[in-house]
Each structure stands twice: as structure tokens, then as C-alpha cells.
There are 2 protein chains.
Amino acid sequence: MSTRGASRKGQERSEAILDTAERLLVDEGHAALTLRGVAQQAGIRLGNLQYYFATREELVRALLARVLERATAKLEKRMGAAGHPTTALDAALESLLEDQKEPASYRLFYDLWALAAREPAIATELRAFYARYVGAVEGLLSHAAPELSRAEAHARAELLVALLEGLSLFRSGTLGAPDPKVESELRRMTSWLSDRSSGGPPSGERRKQQVKQT
Amino acid sequence: MSTRGASRKGQERSEAILDTAERLLVDEGHAALTLRGVAQQAGIRLGNLQYYFATREELVRALLARVLERATAKLEKRMGAAGHPTTALDAALESLLEDQKEPASYRLFYDLWALAAREPAIATELRAFYARYVGAVEGLLSHAAPELSRAEAHARAELLVALLEGLSLFRSGTLGAPDPKVESELRRMTSWLSDRSSGGPPSGERRKQQVKQT
DNA sequence: TGAAATCTAGGTCGTTTGACCTAAATCGTC
DNA sequence: GACGATTTAGGTCAAACGACCTAGATTTCA
């Protein structure tokens, strides 16, 4: 409602504006996302930008919504694609890791994490996104290891997602670069996560599990 | 030194200013860290603040240095404290998890991650911090599992640190709250990380790591 | 074709920011 | 007491920002 753009051209313009804003946010950060800056980068006048997004907050809200919507779609596409048994998890992991080589895809999330810590509205939307994310991983885990309880699968999925998000820090070029050794250990760990041999009582000090490895 | 404060009082004032700035940064975020705001919160005049930190950048630089210095000290204290064998890792983990319940301690890092993605100077300092962090964890791992090669220990340490950083997102109140189930799985995972049974192919380099999974 | 949607070009307004400056007052210590 | 360190109180300046406005031009589409 707040966002105009009833015609096809309006829709396209609206999308183009959001594209520009997204690029600006990724490149320069949240503080540099100004109406004048977006208008200039988009090659339109301030008045025209404000015709579509009357206030800065409106623009940010629309931008966030679109970003998370896209991310969710991409995620579910990946998760649902490889419909095969235990390899689905590996395939999904591979795909996720590939994304992390693209700095742009994660810089934005670093800003979102910071924003979410202070703006409840953003935190809520991010929570919803990660709920889906964890849920999808939980599904893959349960599929790969049916003997896991729902709660266990959920806990492990959350751990795996947390691991991937944290790992992005070390892989997206900011704090480090992809390291084959780390990746190999990561794959070992994920296969362990979906291994049936670790279903025992929580009190167990250390369980002996052998990881099959040729 | 660009930062004045030669006398004892000067030192105290300087610290107080940084305290205020840090609190402001944590509470309101990087964009809200203005010289006037800091001065007001600190109960001093702008001129006085600028007597100590002439420019905003100078203030931010000093703030970052102090934060990372403190974090490093806290870290090494924790890591070095429990000098006992395999329990040292568990103790350190416990301590780290305890910190994550304090939102203030991590909100700041979310801002730093975002900043580091754009300002190389900040990225460099953060890298140095995480290098120590990973190094310390690597030491604990090597100690708990002496048969690990240095490279393996390092890779696993990086994984563990990444996991903890990512987990903070789900534990610091922003995207979620501490979950006993997740923590129990986390402990299982860390004990697995320092388990000798996962050494992989005997002593050989694994260039082609085929993750075996039928 | 005509109404609605889109876009331009320019402006105003109040506010905030960082940076810089000065003149004088107080504090602390040798 | 002297002298430097600290602090106040007030100011200026240019730049940027969000929000708001108008009046007209052009395009789109039913």
C-alpha cells in the first residue's frame, strides 16, 4: 500500500530502486543508505524515489522484506532440490558453502545482525528467516537419520546453521578465506551429525563412534 | 600519542569517556556514536571530549583497540586458567557460553563484523584477535588430543570458534535464547572434536577428501 | 483519447553532524 | 607560587540528512 507502482513500469522501477539500495547497503553499509544516495545511484531524482518510497524507513522495510524473501526462496529451492537420501544434506552444504565465497551475499547479513540487535522489527523478520532455515536443515537431518528424535534433530540443525553462519566470517574474505582443511573437517562433522551412532544419553562423557572413512 | 591525558586524572577521564562510548556503541549502534552524544552521556562538554579525542575516528580507534585488548586478555585468562588435561577445553567452553548470555558482550561484535567488511583497518585488528582466539583453542585441542596434527587441530579450532560465534546469534537474545538441548549437543560435538577416533586416513595427506557416505 | 500513473526540476525547512576556534577558569603538583 | 594539565562555555562553519512541497512534463494503458 505504501509502495506505489501500479503499472508494469512502476513495478520495474520499484525493483530497480531496491536493487540499487541493496547494492549500496552491501557496499557501503547501513549508514550510507541515504535517500539522496539511492536516488543518485539509481539515476533518478529524489522526488521520484520518494514517489515510490515516501520515507527512508519504508524503503528499508521493503528492502529487508525482499532480501529475506529471496534468501528463503533460494534456500528452500536448494534444500528441496536434491531429493535423494543422505546425499541431500551434502548437496545442500555444498551449495551453501559456494555462496559464502561471494562476499556480497553475507556482508548484508552482518549489517542485519547488528540491526536486529537493536530494532525488534528487524529481529522478528530475521528470526522468521532462521526458523525456516533451521527447519529445513532439521528436515534433511531427520531424513538422513530417521532415528533422531525431533528435538535432537532440531538441536543439531540449529548447531549446524550456527556453524555455517559463523564460518562465513572466516570464509567471506573479511576475516579469512576458504580453507580446504577446514572444509574437510566440516564435512566430517556434518556426516557425524547425521550419524546414528550418537543418539545416546546426554550424560555420556565421551562416546566411541567410528566415522567411516575409506 | 594523539590521545592526551598525561596525569592520573587525565587517564581516568579518558577511560571514562571510552566507557561511555562503548556503552553507547553497544546500546545504540555505530551510527549513534556521535561526539556530542558521547560528551553528553559522559557529562562533559564537547570541547573537553575533543581535548582527549580530537576527531571521531580517533575515538573509535581507541575504543576498538581497548575492546579487543580486553577481549583478548579475558580470553587468554580463561584459556590458561584450567591447566588440566581434557577438562580445560570443557571449562573454557563453559566460560565462553556464559558470556554469550550477556547480550552486551556480543552486540558490539555484530557491529564490528559489519564494519570489518568495509574498513580494512578494522578487519585487520579483528583478524588479529581471531587469530589469537583460534590459536588458543588450537592449543587446548592439541593438548586434549596430542595425536592431532597441527593443521588438523587448527582446522578444528577454527570450526569450533566459528560455531561459537555463530551460536551467539541464537543465544544472545537477538535471534533466540539459550537452549539446553542445543548446549548438550554442542558439548557432545566438542568432545567429539577432541576425540582421537576421528583421525581419518592413516597419516597420509588427504588431498582428495572423499567424504564417505553411501 | 483521456485519465491515471510516472517523472522531472527545483525548491524549503529544521536538524544534526564533525571539525575547529577562543578566552577564561579551575585543578594538581613541583 | 608557578606552571602545566584539565575543563568550561560559548561560538562558527560547511556539509549532509529526512521530510515535505509545487508545478509542469511525459508516459502508460483502459
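Note on naming: letters A, B, ... go to the chains in the order of the sequence lines (proteins, then strands), and numbering restarts at 1 for each one. On a predicted model such as this, the values are computed, not experimentally measured, just so you know.
- The side chain of B/T55 lies closest to C/dA19 when the candidates are C/dA19, C/dT6, D/dT7.
- Contact check of residues 19-29 of chain A against DNA chain C (heavy atom, cut-off under 4.0 Å) returns no residues at all.
- We find that CG of B/N48 is positioned 15 Å from P of C/dT26, with the value rounded to whole Å.
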Where do B/R61 and B/E58 land on the salt bridge (Lys or Arg N to Asp or Glu O under 4.0 Å) test, with the steps shown first? CA-CA 5 Å; B/R61 195 184 305 274; B/E58 210 172 287; over 6 Å; no

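- A side-chain N or O of A/S95 and one of A/R78 form a donor-acceptor pair less than 3.5 Å apart.
- We find that OH of A/Y52 is positioned 8 Å from C1' of C/dC7, with the value rounded to whole Å.
- Between the C1' atom of D/dT6 and the CZ atom of B/F53 lies a distance of 14 Å, rounded to the nearest Å.
- The aromatic rings of B/F129 and B/F109 are tilted relative to each other, their planes meeting at an angle between 30° and 60°.
- When the side-chain nitrogen and oxygen atoms of B/R56 are compared with OP1 and OP2 of C/dT17, none of them lie within a distance under 4.0 Å.
- Without hydrogens or angle criteria, B/R171 side chain to B/L97 main chain gives a donor-acceptor distance under 3.5 Å.
- Rounded to an integer number of Å, the gap from CG of B/L59 to P of C/dG18 is 10 Å.
- You'll find the side chain of B/Y133 reaches within 4.5 Å of the side chain of B/E165, heavy atoms only.
- Under a 3.5 Å cut-off, the side chain of A/Q100 and the backbone N or O of A/L164 do form a donor-acceptor pair.
- Position along DNA chain D of the nearest nucleotide to B/G47 versus B/Q50 favours B/G47 as the more 5'-ward residue.
- One can place CG of B/L46 at 9 Å from P of C/dG18, the figure rounded to the nearest angstrom.
- When the side-chain nitrogen and oxygen atoms of B/R45 are compared with OP1 and OP2 of D/dG10, none of them lie within a distance under 4.0 Å.
- Each of A/L25, A/L59, A/L63, A/L18 was scored for a side-chain contact (heavy atoms from CB on, under 4.5 Å) with A/V38, with one residue passing: A/L59.
- For residues 31-44 of chain A, proximity to DNA chain C is found at A/I44, defined as any non-hydrogen atom under 4.0 angstrom from a strand atom.
- Under 4.0 angstrom from either OP1 or OP2 of D/dT7 there lies no side-chain N or O belonging to B/Y51.
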Chi angles and distances behind the side-chain hydrogen bond (donor to acceptor under 3.5 Å, both in side chains) call for A/T174, A/Y106: CA-CA 10 Å; A/T174 320; A/Y106 261 84; over 6 Å; no

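- As rounded to whole Å, 14 Å separates atom C1' of D/dC20 from atom CD of A/E58.
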Start with the C-alpha distance between A/E185 and A/K181, add both sets of side-chain angles, then the distance that settles salt bridge (Lys or Arg N to Asp or Glu O under 4.0 Å), and finish with yes or no. CA-CA 6 Å; A/E185 290 292 334; A/K181 212 94 182 180; over 6 Å; no

